Number of protein chains: 2
Amino acid sequence: MNAVTIKDVALAAGVSPATASRVLSGNPATSPAARTRVEAAARELHFLPNAQARSLRSTKTDSIALLISDVRNPYFSDLAHAVEQHARAAGLMTFMGNANESTEQQDEFLATVLSRRVDGMIVVPQGLSEQDGNATEMLRRVVDSGIPMVFVDRTLADIQVPRVIARSREALEEAIAELKSHGHERIAFIGGPKHASTAMERHQAFDAAIAANGLVTAPELHFAGDFRFASGAQGARWFLENPLAPTAVIIADAPMAIGALSVWRERGLNIGTDFSVVSFDEVDALLLHNPPIATISHDLELMGRAAVQALLAVMKNESVAPVELLSTFTPRPSVGPAPDKDVHSEGMPRA
Amino acid sequence: MNAVTIKDVALAAGVSPATASRVLSGNPATSPAARTRVEAAARELHFLPNAQARSLRSTKTDSIALLISDVRNPYFSDLAHAVEQHARAAGLMTFMGNANESTEQQDEFLATVLSRRVDGMIVVPQGLSEQDGNATEMLRRVVDSGIPMVFVDRTLADIQVPRVIARSREALEEAIAELKSHGHERIAFIGGPKHASTAMERHQAFDAAIAANGLVTAPELHFAGDFRFASGAQGARWFLENPLAPTAVIIADAPMAIGALSVWRERGLNIGTDFSVVSFDEVDALLLHNPPIATISHDLELMGRAAVQALLAVMKNESVAPVELLSTFTPRPSVGPAPDKDVHSEGMPRA
DNA sequence: TTGTACGCGTTATCAA
DNA sequence: TTGATAACGCGTACAA
């Protein structure tokens, strides 16, 4: 097992542990002679400082924690990658955790990370769906501990910490304008779960954008999914059976869109001609689809960078204004003319 | 800031810190009276033990580290998810790190994690491509530290630790038999980078499977990619311009396959008729593609579980035999009859 | 059953 | 500039 401590280094270098410590942590109050000898000894013995003991004493760890909602969702893995690269550039190691869309797993990770000490946390928070998306007691406690923390992508209504989020209102207006210009008037929406603020934001922005385009919506045109594949497949069937016969649908994230598209493909439907589709998130499967899917996307590289910058500011006790990034609408052939007689009324095979 | 220590709890409960410690860590040598009072005090004060100090003393952390090659590769995010869920079931918290296909980032993460103490490590190792995929000095040092460690998915030739890997030979034989039954005889291979043992394994298994099917291959039918999107796109062009005019191609991972498919789609080529495609890894984009892509896939849930089991065994000082999981070939319409006059000789637009 | 005292590896303080 | 010493928060041998 490992065992080489700073004492071993000091012994080998013929100095006291204190001097060795000073040399190894870059304290200027060291003589060149001591410096060379200690450094040589450390190299020789492959000394690796024990970060536990170090931060027990100094409370600096040069590391942060990143909690994402779902590692398997490419949206979050892209975000994680961006956060990690920027944190690295700032000299911070990132420990990643996966909430798996579960408050329980979120809480476990946050508590563990808090007790192991990191210098800050970047969190995509999970709310309690039974409580209008408010925070768990554990999350509140972690916030109350005073550890520097920023929210990214999602927020919680009852917790105030600096945040980096996206604003999809304008992009949705563009998307709906595009659909309208193709003759679509009844547009369905497949949304996300209550515990995610992004689901709420996208839903409200959708309603507002519909109104801004002079169209109307109805509760029957809204499907409540959960941001995952299976609920997208359900949403696809719901869409086909919808009595209001919508001619287009906007889907609130990529996993649901992929779930929906696989159902529609199985039924032999043609996107862009039978009906039109716009999805949030820009991922390979949507771009490679035939035809490519129009998307509302976020610059996750930018979002990750902004989150790291915000955290660095919080760690310096600076005040940080909320950051709102604009989503981008990219038209693609999945949006086509609204069909005269829509697919719903024809003799389609149903569930 | 946070500050509630076990002393605070002891004080509030009117006992010594030692007694409080015993109660909180489940030591049976405690009186019921002390127990109730300490527990009440701990709850009241929201006591959260400092894991640093605890493991400085006891060297148990109930956590492991997981290093994957690339968070953005769905193959690894699926693997990460599986590892995390099984570790969690075993009472272990998982800290994830991303090597980003870079030995440097791998080494940073491993060193940090080692110095912060975890009970074990599950690693998808990156080798040095300049050195035939052998280990970096840092990785060797981490291994030498004696920390329980297992490799998953990939290995290194010069490091012996327990491993959970996949064996693709049989699946490749099936895939090639399927291609051959459709009349394909010249089959190209788009492989991975030298620093990944999986690239080597798949390449060798491909050659062996070609021979087992009574076919022949040639260096001109092998393209050296790097497991990422851009090199797949390069490979797609290489395929189209290949003087040997192969009629089918096997691609060694999903990101490269997606890169290749997007090139071919842009050129208006039809997979399954113009030529046939088989890809490693089973991801949404490949299944949603038109036509769906035949795949050679791994049971990542199983791989993750096996890795955790192996690590648990190592942590108990049990000896662990290498685990080899068989890959699965799934035929799909991306494999079709070999064209009489192949696409290469026609007037295709080239690079 | 409980408390005292010590040590884990490191850094901050203080005196030299 | 250096070294001795204390302290970070916790667990545990030892004594009571």
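In this text the structure is predicted, and so the values were computed from the model without any measurement.
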- Message: Please classify the nucleic acid contact of B/P17 as base, sugar-phosphate, or nothing, using heavy-atom distances under 4.0 Å.
- Response: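 Result for B/P17 = nothing.
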
What is the distance, rounded to the nearest whole Å, between atom [atom1] of [X] and atom [atom2] of [N]?
| X | N | atom1 | atom2 | value |
| --- | --- | --- | --- | --- |
| A/R117 | D/dG9 | CZ | P | 8 Å |
| B/Q52 | C/dT11 | CD | P | 13 Å |
| B/D8 | D/dG9 | CG | P | 9 Å |
| B/K60 | D/dC10 | NZ | C1' | 16 Å |
| B/R116 | C/dC8 | CZ | C1' | 17 Å |
| B/R57 | C/dC8 | CZ | C1' | 6 Å |
| B/I6 | D/dC10 | CD1 | P | 6 Å |
| B/K7 | C/dG3 | NZ | C1' | 14 Å |

Other residues, nucleotides, ligands: >12 heavy atoms within 6.0 Å of [X] [atom1]:
| X | atom1 | answer |
| --- | --- | --- |
| B/D132 | CG | no |
| A/E137 | CD | no |
| B/E324 | CD | yes |

Between B/R35 and A/S58, whichever has its closest DNA chain C nucleotide further toward 5' is B/R35

Q. Start at the 5' end of DNA chain C and walk down; is the nucleotide closest to B/S16 or to B/L56 reached first?
A.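 Result of the comparison: B/S16.
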
Query raised in the report: About how many Å separate CG of B/N98 and CD of A/E84, when rounded to the nearest 0.5 Å?
Result: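 With rounding to 0.5 Å, CD (A/E84) is 4.5 Å from CG (B/N98).
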
Residues in residues 22-34 of chain B with a heavy atom under 4.0 Å of DNA chain C, by number, are B/R22, B/A29, B/T30, B/S31, B/A34

Are any of B/S21's side-chain N or O atoms less than 4.0 Å away from OP1 or OP2 of D/dC10?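 False: B/S21 side-chain N/O out of range (4.0 Å or more) of D/dC10 OP1/OP2.
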
key: C/dT2 OP1/OP2 closer than 4.0 Å to side-chain N/O of B/T19   =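 False: B/T19 side-chain N/O out of range (4.0 Å or more) of C/dT2 OP1/OP2.
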
Passing option when B/D153 is tested against B/L325, B/I68, B/V124 for side-chain contact (heavy atoms from CB on, under 4.5 Å):
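Checked B/L325, B/I68, B/V124 against B/D153; only one passes side-chain contact (heavy atoms from CB on, under 4.5 Å): B/V124.
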
Nearest heavy-atom approach of B/G127 to B/L156 is CA-CD2, 3.6 Å

(message) Side chains of A/D144 and B/H46, heavy atoms from C-beta outward: is any pair under 4.5 Å?
(response)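 Not in contact.
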
Of the listed C/dT10, D/dC8, C/dT4, the closest approach to the B/A18 side chain comes from C/dT4

